[in-house]
Number of protein chains: 2
Amino acid sequence: MTTASPAPSSRDLPHPAREEIRLEGVLHALSDPLRLRIVRELAAEGVELSCSYFDLPVTKSTTTHHFRVLRENGVIRQVYEGTAKMNGLRRVDLDALFPGLLDSLLAAAAHQAARHDEP
Amino acid sequence: MTTASPAPSSRDLPHPAREEIRLEGVLHALSDPLRLRIVRELAAEGVELSCSYFDLPVTKSTTTHHFRVLRENGVIRQVYEGTAKMNGLRRVDLDALFPGLLDSLLAAAAHQAARHDEP
DNA sequence: CGGCTCGTACGATAGACTTCGTAGTACGGG
DNA sequence: CCCGTACTACGAAGTCTATCGTACGAGCCG
């Protein structure tokens, strides 16, 4: 049977449970421009994206570090899929914990981007 | 005439203009538990409060440091009034820059406090 | 005036954060 | 099976942060 077994490639990454996510941690994770940018792209695309999708102005080591900060603070979920690691926003968890916060943050970031970065 | 001259005690503190306030800075300022707590009390009282109003578990030096971080990131406004320094939320500026964000953040903090800190 | 309170400034320290480079592991394709 | 790709782990360097202690300046009150 074509069981939809998630092929749990034995490479599991530690994620905080929903109740363990702390607001301070989320804010800290998003207070870095690079990480905020990652989250914005993730939210814009709406689907899971591989790390290499992002073209960040830092080395891969640093990229790994930033993705880990986002994961450890409960902002994103990371799952291996073959050689790629897919990243998805934990929108459901965040919305349950902090209703409306994520949307406000994304709107604020978009607002600011429209004011400064983009012409 | 009893001019409402603000008695500009010649001790003026540098504040960022509204347009200079950066989302990353605000998030960073609020990612510290002590500073988040200060902002929550400020929002709850709704009026300007002196530094000594807060009974924080750190020394006065550290308190000064945290208030400065909040001011330099545009979260609060500080004005001298005699020997006291009054602190007020820059709600108008923040609401203009990031509509709804402050309320979402305060609600999220209250939510979390209800879940963990308070019984 | 003398002292008190409020808050600052400065220096110091320990810890955390960001970034990198190198070396290594896991998966998939020829 | 060997190699390329994707990402990690570890160590190192530099910077930033949080905290403190002590010493100081600015107003208020007796």
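The analysis underlying the following values was restricted to heavy atoms, covering all of them including side chains, and did not include hydrogens, waters or symmetry mates. The sequence lines fix the lettering, A, B, ..., with proteins before strands; numbering per chain opens at 1.
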Any A:E24 side-chain heavy atom under 4.5 Å of B:Q112 side chain: yes
For residues B:F54 and B:T63, determine if any side-chain heavy atom of one lies less than 4.5 Å from a side-chain heavy atom of the other. no
Whole-Å distance separating the [atom1] atom of [X] from the [atom2] atom of [N]:
X: A:L13; N: C:dT25; atom1: CG; atom2: P; result: 18 Å
X: A:L56; N: C:dC20; atom1: CG; atom2: C1'; result: 15 Å
X: A:N73; N: C:dA16; atom1: CG; atom2: P; result: 14 Å
X: A:L36; N: C:dT18; atom1: CG; atom2: P; result: 14 Å
X: A:R71; N: D:dA9; atom1: CZ; atom2: C1'; result: 13 Å
X: A:K60; N: D:dC10; atom1: NZ; atom2: P; result: 18 Å
X: A:D55; N: D:dA6; atom1: CG; atom2: C1'; result: 15 Å
X: B:E72; N: C:dA9; atom1: CD; atom2: C1'; result: 14 Å

Encode nucleotides 12-18 of chain D as B, S and - characters from 5' to 3', where the letter depends on protein heavy atoms closer than 4.0 Å: B to the base, S only to sugar-phosphate, - to neither. -----SS
Reported [atom1]-to-[atom2] distance for the pair [X] and [Y], which is rounded to 0.5 angstrom:
X: A:L101; Y: A:D95; atom1: CG; atom2: CG; result: 9.0 Å
X: A:L89; Y: A:L94; atom1: CG; atom2: CG; result: 7.0 Å
X: A:Y53; Y: A:E48; atom1: OH; atom2: CD; result: 14.0 Å

Considering only side-chain heavy atoms of A:T59, which listed nucleotide, C:dC20, D:dG21, C:dG28, is closest? C:dC20
Would you indicate which nucleotide in D:dA9, D:dC7, C:dT19 comes nearest to any side-chain atom of A:R68? D:dA9
Inspect the surroundings of NE2 in B:H111 and state if more than 12 heavy atoms from other residues, nucleotides or ligands are less than 6.0 Å away. no
Looking only at heavy atoms, what is the nearest atom pair of B:F67 and B:N87, with distance? CD2-OD1, 3.3 Å
Minimum heavy-atom separation for A:G100 to B:S104, with atom names? O-OG, 3.7 Å
Are the charged groups of B:D32 and B:R37 less than 4.0 angstrom apart, N to O? no
Mind listing the residues from residues 42-54 of chain B sitting with a heavy atom below 4.0 Å of DNA chain D? Number order is fine. none
Do A:S61 and C:dG21 share a donor-acceptor pair, side chain to base, under 3.5 Å? yes
